[in-house]
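Everything on this sheet refers to the single structure shown next.
The model shown is predicted, which means the values in this text are computed figures rather than measured ones. Order of listing sets the numbers, starting from 1, for every ligand and every atom in it.
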Amino acid sequence: MSVPATITTAISYPNGRPHIGHAYETIATDAFARALRMAGRDVFFQTGTDEHGLKMAQTARGKDMEPQQLADEMSFHFKEMNDRLNISYDRFIRTSEPAHHHASQSLWQAMEANGDLYLGRYEGWYSVRDEAFYDEKELVDGEGGAKLSPQGTPVEWTVEESWFFRLSKYQDRLLTLYADQPDFIRPDSRRNEVLRFVEGGLSDLSISRTSFDWGVKVPGSDGHVMYVWVDALTNYITGSGYPDDPERFSRYWAEGGDITHIIGKDIVRFHAVYWPAFLMSAKLPLPKQIFGHGFLLNRGEKMSKSLGNVADPLELAERFGVDQLRYFLLAEVTFGNDGSYSAEAIVQKANSDLANSFGNLAQRTLSFIAKNLDGRLPAGEAVEVDRALLADVLAVCGTDVPAAFDTLAPSAAIEAWMRAVFACNAYIDAQAPWALRKTDPERMEAVLAALYVAIGQLTIAIAPVIPSSAHALLDQMGIPADARTYAGLGQDWYAALQASGFTLSPPRPLFPRLEVPADEA
Ligand code: ME8
């Protein structure tokens, strides 16, 4: 039995509705989780909402609501987004759940038992927008001499009694971790940022707040709630069974386990510095990898409420299709880099790759079979050129695509896949089965049989990216569930399908040609 895999997104602040950046992260993580399952792994995939902290409390106050009410309302929209985008999460966690409070308090007590917590007084800068403490030396000057965080958000001077975590004590152990596991933080640019930050010296971290009460209560310390990032990070182990389900925990959060956190580049420090330090302190296993993806920009510009360019992912999915949106985001952006989206770019990519190249290949082959063979699966002896095509397609679909997913490179997986789609289109043009119908029907059948197998394999391989279209096509083609895996796609499902007497019905086109909406052309 293979090692279980745990994969997570960040948990989003439900202080507003989800935007396309949230959708991007969850779609990418979903593709990885699906690819892992197709590789036969036992996968635990978690996403959710991060509901405590000052940002939530202040937003709720501004709307004259209780924070819990705001969290309930907005968390619903995040879950709805996930469901609508076909995200195959195993758990949608909300940090206001009692089980999560319990896990956060247990982690706190474990860190305390290790002698890493002490009571003190915090005097320094805090950004509510980032929910982050910053050293004076990190601040930058904004307009009119205002001090801003390194992320460009406002900071306020904060003085309050606080619990501290002895982060400084972990500097050497963290540097050893980064040296021993060069892939702990990816991509390299993010790794370098973290290295510089930790090498620059770590201050102890303020980990409780006393000026508001919307959070997890600090055990045995009235008036203190945990700093929101302490409980937020704990979500990952709550979902893995900490502390009351040791069996589950040893499965999904084991020492040396395959645990990956997919997050955005703005929150790498919390995941690559604070989180492993907390886990070391509590004597718990560490994740294997933190991947900080890039940001999605609207036509090259940062999205912001004030610019009015924050795209609603469900609106985009409604207009262009869920799978078209998923495909665009994963194909267009090299995972790790920033990327840009626009209506034209989505339409262009979906039309060229899905409608024209792949959709057309499937549609013309399958309709031809449905019409000219009455849906009977073609037989016929394969010759060298057919075998060569099938060897190429199998190598791409069974090896290159899963390997690219395995290294969290979805655009490389799609590029490899498109190469195989092109190879099939070149093959169909060269073999011209339509012309063979009258002259050499036997050869025509051999060509169509090769194409049927190739299309089946291409469809299986791309299923993590466009799950609903891929499974609809596989259903139409009669391809059984056990072939829909990376190991199964090369098995002789075609012969079994032929022997079963399966007949193909006229296929339904899956990828309509999209038009750029008139207001955006
Ligand atoms: O940071 N493009 O929540 P969040 C791509 N609650 N990704 C983006 C993005 C964009 N334009 N904007 C945001 C938080 N993200 C914390 C996380 S985890 C224990 C706690 C990403 O709602 C962002 O980088 O601000 C993060 O990974 C995720 O969306 C949630 O952001």
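- Which parts of ligand 1 touch S12 is read off a 4.0 Å heavy-atom cut-off, strictly below it: atoms 3 (O), 22 (O), 30 (C).
- Against a heavy-atom cut-off of under 4.0 Å, H293 is close to the following atoms of ligand 1: 5 (C), 7 (N).
- The shortest distance between side-chain heavy atoms of L117 and F165 falls below 4.5 Å.
- Proximity of E51 to Q68: side-chain heavy atoms (C-beta onward) are separated by under 4.5 Å at one or more points.
- Close approach to A232 involves these atoms of ligand 1, each under 4.0 Å from a residue heavy atom: 19 (C).
- Remark: among candidates F78, F295, W229, Y13, the nearest residue to atom 20 (C) of ligand 1 is W229, based on non-hydrogen atoms.
- Salt-bridge annotation for R91 and E97: present, with a side-chain N of the basic residue lying under 4.0 Å from a carboxylate O of the acidic one.
- Pairs of residues two or more places apart, or lying in two chains, that qualify as ring-ring contact (aromatic ring centres under 6.0 Å, His included) and include a residue from residues 299-345 are F32-F335, F291-F335, H293-F335.
- R248 forms a cation-pi arrangement with F44, by the criterion of a distance under 6.0 Å to the ring centre and an angle within 45° of the ring axis.
- In this structure, R37 forms no cation-pi arrangement with F45, as its terminal cationic atom is not both closer than 6.0 Å to the ring centre and no more than 45° off the ring axis.
- Among the atoms of G264, some N or O lies under 3.5 angstrom from an N or O of ligand 1.
- Under a 4.0 angstrom heavy-atom cut-off, G294 registers as being in contact with ligand 1.
- By the 4.0 Å N-to-carboxylate-O rule, D312 lies too far from R17 to be salt-bridged with it.
- Protein heavy atom at the shortest distance from atom 21 (C) of ligand 1 is E25 OE1, 3.6 Å.
- With a 4.0 Å heavy-atom cut-off, ligand 1 is reached by no atom of F270.
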Please tabulate, for the side chains in residues 5-16, all donor-acceptor contacts under 3.5 angstrom to protein atoms that are two or more places apart in sequence or on a different chain.
{"unit_1": "T6", "atom_1": "OG1", "unit_2": "Y252", "atom_2": "O", "d": "2.7"}
{"unit_1": "T8", "atom_1": "OG1", "unit_2": "H261", "atom_2": "ND1", "d": "2.8"}
{"unit_1": "T9", "atom_1": "OG1", "unit_2": "T47", "atom_2": "OG1", "d": "2.7"}

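- Closest to atom 2 (N) of ligand 1 by heavy atom, among T234, V333, L296, is L296.
- Ring pair F249/Y242 is tilted by interplanar angle, where 30° to 60° counts as tilted.
- The proximity of H19 to ligand 1, defined as any non-hydrogen pair under 4.0 Å, is limited to the side chain.
- Contact annotation for H271 and ligand 1: only side-chain heavy atoms (C-beta onward) come within less than 4.0 Å of the ligand.
- On a distance-only criterion, Y24 and ligand 1 share no N/O pair closer than 3.5 Å.
- Remark: R94 engages D72 in a salt bridge, criterion side-chain N to carboxylate O under 4.0 Å.
- Ranking protein heavy atoms by distance to atom 17 (C) of ligand 1, first place goes to I11 O, 3.1 Å.
- Annotation: H22 places an N or O atom under 3.5 Å from an N or O atom of ligand 1; distance criterion only.
- For ligand 1, the atoms sitting less than 4.0 Å from at least one non-hydrogen atom of D266 are 23 (C), 24 (O), numbered in the order shown with element in parentheses.
- Here atom 1 (O) of ligand 1 lies nearest to I267 when heavy atoms of V268, I267, L329 are compared.
- At least one donor-acceptor pair under 3.5 Å links the side chain of R190 to the backbone N or O of G292.
- Under a 4.0 Å criterion applied to the non-hydrogen atoms of I263, ligand 1 contributes the atoms 27 (O).
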